[in-house]
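Letters A, B, ... mirror the listed sequences (proteins, then strands); counts begin at 1.
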2 protein chains.
Amino acid sequence: MRKVIVREKPTVEDVKELLEFAEKHNGMVTIFARCRVYYEGRAKSELGEGDRIIIIKPDGSFLIHQNKKREPVNWQPPGSVVRVEGNKVISIRRKPREKLEVELIESYAITVFLAEDYEELSLTGSEAEMAKLIFEKPEVIEEGFKPMFKEKPIKHGIVDILGIDREGNVVVLELKRRRADLHAVSQLKRYVDALKEEYGERVRGILVAPSLTEGARKLLEKEGLEFKKLEPPKRESRKKSKQRTLDFF
Amino acid sequence: MRKVIVREKPTVEDVKELLEFAEKHNGMVTIFARCRVYYEGRAKSELGEGDRIIIIKPDGSFLIHQNKKREPVNWQPPGSVVRVEGNKVISIRRKPREKLEVELIESYAITVFLAEDYEELSLTGSEAEMAKLIFEKPEVIEEGFKPMFKEKPIKHGIVDILGIDREGNVVVLELKRRRADLHAVSQLKRYVDALKEEYGERVRGILVAPSLTEGARKLLEKEGLEFKKLEPPKRESRKKSKQRTLDFF
DNA sequence: CTCTTAATGTCGCTA
DNA sequence: TAGCGACGTTAAGAG
């Protein structure tokens, strides 16, 4: 069977039919249309008449893209359910209850894409990999540092890394894969405060990141917290993908 | 001229040609293809062979969508520049330097959409509207509350609303349009700490939100901060759109 | 389910 | 341009 079905200048009936076809065969629907959009749920919005691309995925994800920006102007998350009523395509989410209505003024084209995809993204340079690096080479923080826990729940939150320094002080690390800001410092402060209640004053807080904003540096200093420069490491490639390539033989 | 140009089973030359055509006419390109994706920039990623929808907008936004999730698996933000090299579609961003490469294994279809859209989203139920409500009816916080500043920069951050209560205490409000969590409390705490340095102990911090998580409630209590329940208001409709409808006449 | 936090977050605003 | 914070944030992971 063909991977992509295209219908130009579809009628409302065509749209209905192809949406049903896509649902049955787990296809992705793309509609190129002049439309108006109404949304009500966590918030409420209206979008006047204009040309947009509408994508409906087999998992219920619903995207409406204007000709600018990375973000969809309106959307519905996975798990939503779509139906057609007259010239409206409606998507409903329950919990929280949200309704998205697309009023089709004129449909220029519609496609159904029977996409097969078994691959997952393999990404490197994340905060999780900074943590891994620190457990493998604790000296990147400082000589004598001993990491003990990762993602450890404490009184008010979950600390990235909890450990002990060479003098027996409790050390909390807050990791950031990019330049750390005021939020990061507040977060670290919250953990240090909570741990001081438990362990007394011998608690150190270290913000670990490639750099700091000026505001963060000032607040960090005021709060008696520390900074350690560390770049998120980037692996050479291949993580989740299966390693059975030709090299295997 | 036609709004949507469709080419099925395009060659690499077709793709190149239509991308150039789209760039010239500010069209949105959509490619339905089996592909592999490589990204390197702030992080680095690889995605093995599979069927995806690729969208390239006239502002340089670049989206690659798998058949699941609301989020693109790979992307490039507005301002990026696209080019074709052999069977690869490459998008470059400078500052930070980021490169996205899509290796087209098989293109099933490509469309160029000459989308015209002059409308902007009108949204209600935002935090900004909560602030507006509080300035119009300060009593929704408490009797005698006087809001003084909105988005006021202080020592370590920018407070949502700064005001005075009936007893002359300085009051900081931190607004959240949805259930407030630990982050919101830490943020409020940061503001209160900074203001206490300036105004002494007569500083109150109030978290204003429709609800609180358990953890947030506990921390708020421990820190001597307060909570005021308030839902973000939803207007009846029409904000940014021009009011020139039939009713006008 | 709720809670907590990361994210190539993106986006808008402001000094 | 950098800093700061909201977002209908989304998504993942743990309890």
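Put simply, CE on Met130(B) is 12 Å from C1' on dA6(D), counting in whole angstrom units. Taking atom CD on Glu98(A) and atom C1' on dT9(D), their separation rounds to 11 Å, with Å as the unit. Atom OH in Tyr39(A) sits roughly 8 Å away from atom P in dG8(D) (whole-Å rounding). One interatomic measurement links the two molecules: CD1 of Ile154(B) to P of dG3(D), which rounds to 18 Å at whole-angstrom precision. Taking atom CG of residue Leu182(A) and atom C1' of nucleotide dA2(D), one finds them 12 Å apart after rounding to whole Å. Straight-line distance from the CD atom of Glu151(B) to the P atom of dC4(D): 14 Å, rounded to whole Å. Following rounding to the nearest Å, His183(A) (NE2) and dC7(D) (C1') show an atom-to-atom distance of 12 Å.
Projected onto DNA chain D by closest heavy-atom contact, Asp181(A) and Arg177(B) fall at different nucleotides, the more 5' of which corresponds to Asp181(A). Mapping Leu175(B) and Leu212(A) onto DNA chain D via the closest heavy atom, the residue that lands nearer the 5' end is Leu212(A). For the pair Lys95(A) and Pro153(B), both in contact range of DNA chain C, the more 5′-proximal nearest nucleotide belongs to Lys95(A).
Exactly one of Leu47(A), Val102(A), Leu63(A) qualifies for a side chain to side chain contact (heavy atoms under 4.5 Å, CB included) with Arg52(A). That residue is Leu47(A).
The gap from the C1' atom of dT8(C) to that of dA14(D) amounts to 25 Å, rounded to the nearest Å. Between dG8(D) and dT4(C), the distance separating the two P atoms is 23 Å to the nearest Å.
Heavy atoms of Lys44(B) sit nowhere under 4.0 angstrom from any nucleic acid atom. Using a 4.0 Å heavy-atom cutoff across all strands shown, Tyr191(A) reaches sugar-phosphate atoms only and no base atom. Counting non-hydrogen atoms under 4.0 angstrom, Gly41(B) reaches nothing in the nucleic acid. Within 4.0 Å of Lys152(A), counting heavy atoms only, lies no atom of the nucleic acid at all. In this structure, Arg97(A) reaches neither bases nor backbone, as no heavy-atom distance under 4.0 Å exists between it and the strands shown. Counting any heavy atom pair closer than 4.0 Å across all strands shown, Glu214(B) reaches sugar-phosphate atoms only and no base atom.
A salt bridge links Glu236(A) to Lys44(B): at least one charged side-chain nitrogen sits closer than 4.0 Å to a carboxylate oxygen. For the pair Glu214(B) and Arg217(B), the salt-bridge criterion is met [side-chain N within less than 4.0 Å of a carboxylate O]. Under the 4.0 Å criterion applied to side-chain N and carboxylate O atoms, Arg36(A) and Glu49(A) are assigned as salt-bridge partners. A salt bridge is absent between Glu198(B) and Lys155(B): the closest approach of a Lys/Arg side-chain nitrogen to an acidic carboxylate oxygen does not fall below 4.0 angstrom.
Within the 4.5 Å cutoff, no side-chain heavy atoms of Val203(A) are placed close to those of Tyr191(A).
Between the side chain of Asp51(A) and the backbone N or O of Ala115(B) there is no donor-acceptor pair closer than 3.5 Å. Side-chain atoms of Arg179(A) come within 3.5 Å of backbone atoms of Leu212(A) as a donor-acceptor pair (strictly under, hydrogens ignored).
The side chain of Gln187(B) contributes no N or O atom lying less than 4.0 Å from OP1 or OP2 of dC4(D). A sub-4.0 Å separation between OP1 or OP2 of dG8(D) and a side-chain N or O of Arg93(A) is absent. At least one side-chain nitrogen or oxygen of Arg179(A) sits closer than 4.0 Å to the OP1 or OP2 atom of dG3(D).
Within residues 59-80 of chain A, the residues having any heavy atom under 4.0 Å from DNA chain D are, by residue number, Asn74(A), Trp75(A), Gln76(A), Pro77(A), Pro78(A).
Taking 4.0 Å as the cutoff to heavy atoms of chain B, we find the contact window on DNA chain C bounded by dC3(C) to dC11(C).
In this structure, Thr124(A) OG1 and Glu40(B) CD are separated by 9.5 Å, a value rounded to the nearest 0.5 Å.
Ser61(A) and Arg70(B) share no side-chain donor-acceptor pair at under 3.5 Å.
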(message) For a salt bridge (charged side-chain N to carboxylate O under 4.0 Å, His left out) check, start with the C-alpha distance between Lys229(B) and Glu231(B), then their side-chain angles and the critical distance, and finish with the verdict.
(response) CA-CA 7 Å; Lys229(B) 181 177 162 68; Glu231(B) 302 279 343; 3.6 Å; yes
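Of the listed nucleotides (dG5(D), dC4(D), dT9(D)), dC4(D) has the atom at the smallest distance from the side chain of Thr213(A).
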